[in-house]
Protein chains: 2
Amino acid sequence: MGRRSDHSRKELREMIVAEGHRQISEVGFARFSAREVAKRIGYSIGTIYNVFGTHDQLILALNGRTLELWRAYLERQLEGETHDRLKRAIEAYFEFAVSHRHAWTAVYDFHLPEGVQAPDDYQGKVMAIFDFVVAEVARQLPPERTGEAAALARSLLATVHGHCHFALSGTFEYLGETDPVGAALARAKDAVGGREPSA
Amino acid sequence: MGRRSDHSRKELREMIVAEGHRQISEVGFARFSAREVAKRIGYSIGTIYNVFGTHDQLILALNGRTLELWRAYLERQLEGETHDRLKRAIEAYFEFAVSHRHAWTAVYDFHLPEGVQAPDDYQGKVMAIFDFVVAEVARQLPPERTGEAAALARSLLATVHGHCHFALSGTFEYLGETDPVGAALARAKDAVGGREPSA
DNA sequence: TTAAATAATTAGACATCGTTCAATTAACCA
DNA sequence: TGGTTAATTGAACGATGTCTAATTATTTAA
């Protein structure tokens, strides 16, 4: 066939991302197949590659979608919260990961070839989540420590990520950890409310 | 051919694991190929599958090898250290991951099918690293907190893992973190030497 | 010594995957 | 109407994991 009026290029891209995200959410990164996505939206495999160029770029688009949904979820869950925002933020972090476990895991299972950087719009989506965390951390810190917010946010993001990763991968399960969220929260409180390191 | 006297079954298994580990260390999890391993050790693809049964079980064996090497490295680096063992432990953790980045990453990129547990000997290797960390954490804690050692070790392992994962994946790079080890160490000191959480 | 049983190894066949690209089809424009 | 352009296709390619019938070598038994 030729040019089709029923779907613009932009709409087609969106169809692929939507169906692809559904796919990767169901079967996970390892079993994800571009061909299957094509079949389900009624296009051929060639079209996928015309639109995205490469399997890697398709994955990048799907993971980007996950990041968008994740940030939106975090912001939605925190708005209006006045009680214990740090706790709520960490809980929401885990909630999203658990309820989108395959999509969330895919973000970390995928690796660009060595030396290749993620495109700017993808980096921007990571940054958006980071900015959210920075703002939240700054809020928790006493005024004299506001300068630490960015550095502390990076470290706390990594801390919570580690706990979440261990929770979803099953590592925590056979290490005997039954409350990953609680553990992550304890580390966060240590850092935000703790004294200066003794050494 | 038939039974070969030059390599017992056990030796063959070891050859495959050795070459497989070399492979996965070089090209990473995504590009690892059992066929390539077979070719390099001069056996056919069928033999690999006779010995390991499945691609997943082969990967499990390779990741198990990585865990063994990792624990051995940690213990070697800590023996005789009297100054700042916590710092040295975290440094060694990162050192191994950086110098075996593909093999280390493969441990976390691989996932068993849902509901399938890792075999006991694999779990044992994870546990061995965990036990090492527990002992180290117990050493750092004041006597009255020894009971917390296991729980704290789980949480610190996750914390350091998160920092290491972000460091190797490049996430820290574009978040502007230049000292992942220092950040991880700061969190560890917060937890070990910090006061009780205020809330 | 020879024959039967056993164990190890092979390589071809299969389905699926990402990727490429010449051919085809539909829409647009002059 | 005819020509240009853009979208779409699907066959072809090489590579992968997986399975299995056939083959080969070794050991055991007669």
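All chains are named by letter (A, B, ...) in the order of the sequence lines, taking the proteins before the strands, and each is independently numbered beginning at 1.
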Name the nucleic acid region contacted by [X], choosing base, sugar-phosphate or nothing; use a 4.0 angstrom heavy-atom cut-off, strictly under.
X        : result
Ser44(B) : base
Leu12(A) : sugar-phosphate
Phe52(B) : nothing
Ser33(A) : sugar-phosphate

- Task: Please report the closest heavy-atom contact between Gly64(A) and Tyr122(A), naming both atoms and the distance.
- Result: N-CE1, 3.8 Å
Whole-Å distance separating the [atom1] atom of [X] from the [atom2] atom of [N]:
X        : N       : atom1 : atom2 : result
Asn50(B) : dA25(D) : CG    : P     : 17 Å
Lys39(A) : dA15(C) : NZ    : P     : 13 Å
Phe29(B) : dG17(D) : CZ    : P     : 10 Å
His55(B) : dC19(D) : NE2   : C1'   : 16 Å
Ile59(B) : dG17(D) : CD1   : C1'   : 11 Å
Phe32(A) : dT16(C) : CZ    : P     : 17 Å
Glu36(B) : dG14(D) : CD    : C1'   : 14 Å
Tyr49(B) : dA15(C) : OH    : C1'   : 14 Å

Would you say [N] has OP1 or OP2 under 4.0 Å from some side-chain N or O of [X]?
X        : N       : value
Tyr43(A) : dT9(D)  : no
Arg13(B) : dA8(C)  : no
Thr47(B) : dT9(C)  : no
Thr54(B) : dG17(D) : no
Arg9(B)  : dT9(C)  : yes

- Can you check whether Glu14(A) reaches Arg65(A) side chain to side chain, under 4.5 Å on heavy atoms? yes
- Message: If you define the side chain from C-beta out and look only at heavy atoms, does anything of Asp84(A) sit under 4.5 Å from Lys189(A)?
- Response: yes
- Would you please test Tyr108(A) and His161(A) for ring-ring contact (aromatic ring centres under 6.0 Å, His included) and show each step? CA-CA 10 Å; Tyr108(A) 301 101; His161(A) 166 76; 4.4 Å; yes
- Considering only side-chain heavy atoms of Ile45(B), which listed nucleotide, dG17(D), dT18(D), dT9(C), is closest?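 Selected nucleotide: dT18(D).
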- Take Arg35(A) and Ile48(A), find for each the nucleotide of DNA chain D with the closest heavy atom, and name the residue whose nucleotide sits nearer the 5' end. Ile48(A)
- Task: Report the residue (Arg31(A) or Gly46(A)) whose heavy-atom-nearest nucleotide on DNA chain C is the more 5′ of the two.
- Result: Arg31(A)
- Residue among His102(A), His21(A), His100(A) satisfying side chain to side chain donor-acceptor pair (under 3.5 Å) with Thr66(A):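 Among His102(A), His21(A), His100(A), the one meeting side chain to side chain donor-acceptor pair (under 3.5 Å) with Thr66(A) is His21(A).
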